[in-house]
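As structure tokens, the structure follows; a few thoughts come after it.
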Amino acid sequence: MDGRLTLNWLIFLLVIISFHSLGRVSGTFHENQADRRKLAAKEGFISIDCGIAMGSYYTDGETEIHYTSDAEFINTGINYNVSMEYIHEYTNQHLMNVRSFPEGVRNCYTLRPRQGKNHKYLIRARFMYGNYDSKNQLPIFKLYLGVDEWTTVNITDASSIYRKEIIHIPITNDIDVCLVNTHSRTPFISVLELRQLNDSIYRPTEPGSLLLYDRWDFGTQPEVQNIIREKDDVYDRIWKPFTWSSWLSINSSFVSSSFSTSDYKLPGIVMATAATPANESESWGISLGIDNDPSQKLYTYMHFAEVEDLKGQIREFTISVNDDESYAGPVAPGYLFSVTVYSKYSMSGSTTKKLSFSLKRTNRSMLPPIINAMEVYMIKEFSQSSTQQNDIDAIKRIKSGYAVSRNWQGDPCLPMEYQWDGLTCSHNTSPAIISLNLSSGNLSGNILPSFLSLKSLQNLDLSYNNLTGPVPEFFADWPSLRTLNLTGNNLTGSVPQAVTDKFKDGTLSLGENPNLCPSVSCQGQKKKKKKNKFFVPVLTSILSAIVILVLIAALAIIRKLTKRRETKATTIETVTERPKEGPLKSGNCEFTYSEVVGITNNFNRPIGRGGFGEVYLGTLADDTQVAVKVHSPSSNQGPKAFRAEAKLLTRVHHKNLVRLIGYCDDSTNMVLIYEYTSNGNLQQKLSAREAADVLNWKQRLQIAVDAAHGLEYLHNGCKPPIVHRDMKSSNILLTESLQAKISDFGMSRDIQSLSTDPVGTPGYFDPECQSTGNLNEKSDVYSFGIVLLELITGRRAIIPGGIHIAGWVSPMIERGDIRSVVDPRLQGDFNTNSAWKTVEIALACVASTGMQRPDMSHVVVNLKECLETEVASRRIQRVGGHSIGSGNFLENAPLVLSTEVVPHAR
Ligand SMILES: *[C@@H]1O[C@H](CO)[C@@H](O)[C@H](O)[C@H]1NC(C)=O
Ligand SMILES: *[C@@H]1O[C@H](CO)[C@@H](O)[C@H](O)[C@H]1NC(C)=O
Ligand SMILES: *[C@@H]1O[C@H](CO)[C@@H](O)[C@H](O)[C@H]1NC(C)=O
Ligand SMILES: *[C@@H]1O[C@H](CO)[C@@H](O)[C@H](O)[C@H]1NC(C)=O
Ligand SMILES: *[C@@H]1O[C@H](CO)[C@@H](O)[C@H](O)[C@H]1NC(C)=O
Ligand SMILES: *[C@@H]1O[C@H](CO)[C@@H](O)[C@H](O)[C@H]1NC(C)=O
Ligand SMILES: *[C@@H]1O[C@H](CO)[C@@H](O)[C@H](O)[C@H]1NC(C)=O
Ligand SMILES: *[C@@H]1O[C@H](CO)[C@@H](O)[C@H](O)[C@H]1NC(C)=O
């Protein structure tokens with residue numbers, strides 16, 4: 001190695017990188033085809049290929065990133081393909097088309113990452129003009145992030161790719177990325193990407209976000225000019241290879257995974273190469289030119305890792321900035337471990353118009369300094385203000401509820417010059433909407449309860465629309481509201497007395513509503529459409545079937561009893577919760593069929609099929625997702641089973657049982673609305689093929705404990721006890737955090753009304769019950785035992801070939817062969833004691849007679865022990881593993897690069 005480093009006497013290197021080329025990547029870079037570490041589809045990634053056909057998507061062959069169309073993130077703009085002459089064999093698909101915005105000053109993409117506000121995200125927009133409009137007019141426009149200006153996009157070359165990147169912590173759940181027309185031709189965009197970062201990295205000590213200046217991978221072979229990103233980099237940072245004639249490149253002979261163990265999760269392929277001065281006696285240096293804005297504050301992150309086996313030699317160096325020798329150090333990178341040295345305070349080049357960094361070997365160092373990678377960011381302060389979140393949510397619900405056709409994008413009130421048309425806002429620290437004018441706005445349908453969520457609204461003008469339905473009583477209880485204009489609609493029913501009273505001094509306009517009865521007195525005249533309406537008084541609706549009333553009363557009581565315990569009692573607008581509206585309303589569970597149509601967007605997202613019909617995904621007014629079960633007349637289960645399920649669900653409330661949110665039961669339509677669990681059911685989860693999706697042993701035990709809790713509650717917590725009768729892995733639903741909830745009570749019966757007609761699913765059905773017809777809680781225990789065996793083995797209840805799972809495990813258990821029993825996808829990563837005990841519980845549950853099977857409460861206790869055993873064993877392993885070689889000692893004691901603080905070298 002030493003031979004290769006033999007020296008050239010070279011002077012300090014100065015690389016001037018001007019701000020003009022900031023963030024610009026040459027169009028000739030192409031990405032490495034090499035088959036690198038494969039990553040499963042990523043949580044925390046949003047990847048939008050702007051301008052492809054609505055609804056289309058694809059997986060990029062090189063990066064394996066899943067790109068989708070932008071249609072669901074924006075509803076303005078026009079799609080174009082770039083001109084053919086700008087497309088080469090290596091042009092990425094996502095650059096081949098753009099969305100262009102000839103209309104409107106501000107056009108916004110709304111990104112809604114699942115983790116929401118107050119987390120750290122890398123947001124990146126890319127632009128390649130490619131003469132998409134055949135006009136050869138290079139535009140200049142602005143990008144806004146939320147309400148603040150982010151940067152200017154100055155396209156000066158049609159074939160270059162312009163990249164704008166920022167590390168940002170949003171204060172709202174929706175992140176608006178807006179293109180603002182500055183009258184210098186038409187804004188457009190090619191790609192928009194968001195990646196969630198770990199909140200613990202890239203933390204400037206000053207307020208502000210980090211704008212990317214540049215990110216370099218040093219020491220890459222010059223002939224391999226490829227950029228490195230996702231597949232190699234879990235955060236999909238784009239690393240540009242950079243080298244210089246007076247540097248030598250050195251590399252480790254292999255890409256060790258230990259390079260990526262620090263919090264920065266640096267890609268091994270980047271860290272395996274490094275730059276070192278060609279003349280061993282010289283220092284290594286790089287200089288950033290910041291002459292057009294010397295006061296710009298910069299933060300740097302330098303990444304080091306030793307790539308040579310030093311065999312006892314010492315490599316040690318100090319870092320200096322602008323020739324001040326004592327900024328940081330000495331640094332002695334650990335072999336194959338990454339260490340990141342970052343500036344604790346910002347730096348600026350206000351006196352020198354440049355920032356020069358150099359690495360100098362210490363006197364005792366036997367080798368020249370090295371550096372593997374470096375990132376430079378500029379601090380960008382944001383006002384971090386926004387309209388009150390509550391108002392944003394409400395006005396967006398109104399926008400989508402009425403499909404408002406105005407150009408309503410980005411933040412409603414800010415910045416003031418782009419305030420939404422029809423809104424007036426109060427401009428306090430956090431603006432609120434105080435007046436809303438939707439006159440002649442083509443609105444139709446009922447008056448939405450979302451209006452009431454605008455807590456500061458004083459004036460509401462809904463005149464000259466096509467609004468139908470009643471005048472809601474909630475207007476009376478809206479403290480801030482002063483004027484209300486409903487002139488020129490098609491409202492029906494009578495105006496509630498409370499509303500008339502509140503607005504008696506002429507602040508209510510109700511003219512030109514031909515079917516509206518101005519006082520309560522005319523209430524008796526109309527006898528149609530009753531309980532179907534959210535806000536119509538209840539008393540007129542008694543003609544409905546008695547069954548329904550019984551159901552409703554039960555619901556009301558249960559809800560009242562449970563209300564105290566629930567933090568978020570309802571997912572529907574608070575309006576309907578007012579107790580004075582009587583028992584029907586306080587139940588808050590009733591939906592009309594037309595509301596169900598709205599919630600499910602006309603049943604357009606089927607998510608499964610249950611015993612009595614299709615299940616659809618729906619969204620309530622407050623954006624809560626729900627599962628909507630619709631009874632199909634052709635299903636083999638009649639209305640009786642439907643009502644049985646509804647009735648049962650109103651009786652049971654437990655965190656491990658799926659929750660009923662509402663129902664719809666008019667004589668023709670029967671619908672149940674449940675909380676939605678986003679992770680599917682256990683059976684699907686257990687058949688996962690991707691390594692990243694395989695449940696680990698601890699997760700499996702936690703699911704078993706959860707499900708056991710739910711079942712235990714049905715058996716022992718309900719009076720009379722409830723037998724589920726169809727316990728199986730596909731009836732165990734998983735929430736986002738993998739909490740298990742038991743579902744499908746369609747066939748459940750309480751113990752008193754048990755019939756003997758055989759129900760249940762082959763493979764799970766209690767053989768004893770099958771022969772005797774005696775169905776009881778122990779039948780559920782048997783079925784639960786089968787679920788446990790599925791969790792342990794990862795196999796189906798009936799294994800292909802028709803073998804029952806219980807028969808399949810027995811011979812192996814008798815041989816004491818636990819490793820063959822447990823799911824091979826776990827690759828032996830479980831505590832054997834824990835696994836043995838779980839198998840024992842499962843086998844006890846599937847004993848041939850009910851007498852021999854344990855009670856669910858015993859099952860819960862024992863499963864919890866299994867979980868504890870597993871957790872404890874992991875803790876021991878982790879403590880044991882930690883002491884082994886942690887070369888990244890500097891991670892915990894970051895060095896400081898700054899003018900203010902000068903930690904001395906020796
Ligand atoms: C390397 O640098 C040293 C010190 O600057 C100088 O004396 C020497 O001549 C250089 N060697 C070569 C080969 O340039
Ligand atoms: C872009 O090109 C694709 C195929 O090359 C074509 O299907 C699509 O319609 C084009 N889009 C536009 C907006 O011209
Ligand atoms: C855009 O870039 C060109 C070329 O670098 C420069 O001359 C021009 O002043 C820039 N325009 C703006 C508005 O920054
Ligand atoms: C972020 O890093 C911290 C510190 O290393 C770690 O404890 C945490 O699990 C990480 N979070 C994520 C989401 O990776
Ligand atoms: C980099 O690693 C490769 C593979 O081990 C090796 O062939 C090559 O010589 C190395 N290059 C340098 C500059 O060390
Ligand atoms: C108003 O809505 C009703 C019912 O949706 C519809 O029949 C009617 O055509 C609409 N009128 C106007 C003017 O849009
Ligand atoms: C209600 O709106 C109509 C039409 O915009 C207008 O003529 C009328 O004056 C308004 N009434 C009040 C009280 O603002
Ligand atoms: C008002 O609504 C009724 C039905 O509720 C409908 O028949 C009528 O056409 C509507 N009138 C207007 C002007 O839209």
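One-based numbering along the sequence shown. Every number for a ligand or one of its atoms is a count from 1 in the order of the listing.
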Sidechain-backbone polar pair: R825 side chain, A688 backbone, donor-acceptor under 3.5 Å
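Yes, because the side chain of R825 sits within donor-acceptor range (under 3.5 Å) of the backbone of A688.
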Distance-only side-chain donor-acceptor flag, Q93 / Y67, under 3.5 Å:
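No, no side-chain donor-acceptor pair sits under 3.5 Å.
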Just distances here: any N/O of Y80 and N/O of ligand 2 closer than 3.5 Å?
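N/O-N/O distance below 3.5 Å does not exist for this pair.
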Sequence-distant partners of S834, side chain to side chain donor-acceptor pair (under 3.5 Å), two or more places apart
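Checked S834 against side chain to side chain donor-acceptor pair (under 3.5 Å); matches are W697.
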For ligand 4, would you mind listing the residues that have at least one heavy atom less than 4.0 Å away, ordered by chain and number?
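Near ligand 4, by chain and number: N198, S200, D263.
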Using the salt bridge (charged side-chain N to carboxylate O under 4.0 Å, His left out) rule, take K120 and D199 through it: C-alpha gap first, then chi angles, then the decisive distance, then the call.
CA-CA 5 Å; K120 187 166 289 179; D199 294 335; over 6 Å; no
With sequence neighbours excluded, tell me which residues meet disulfide bond (SG atoms under 2.5 Å apart) with C50.
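Once residues adjacent in sequence are excluded, C50 has no partner under the disulfide bond (SG atoms under 2.5 Å apart) criterion.
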Ligand 3 atoms in contact with T156 (distance to a heavy atom under 4.0 Å)
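Once the distances to T156 are compared, the set is 2 (O), 3 (C), 4 (C).
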Ring-plane angle category for Y264 and Y342, please: parallel below 30°, perpendicular beyond 60°, tilted otherwise.
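Tilted.
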List, one per line, each side-chain donor-acceptor pair under 3.5 Å for residues 133-145, sequence neighbours excluded.
unit_1 : atom_1 : unit_2 : atom_2 : d
D133   : OD1    : Y129   : OH     : 2.6
D133   : OD1    : K135   : N      : 3.3

Near N79, which atoms of ligand 2 are under 4.0 Å from a heavy atom of that residue?
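Reading through ligand 2 atom by atom, the close ones are 13 (C).
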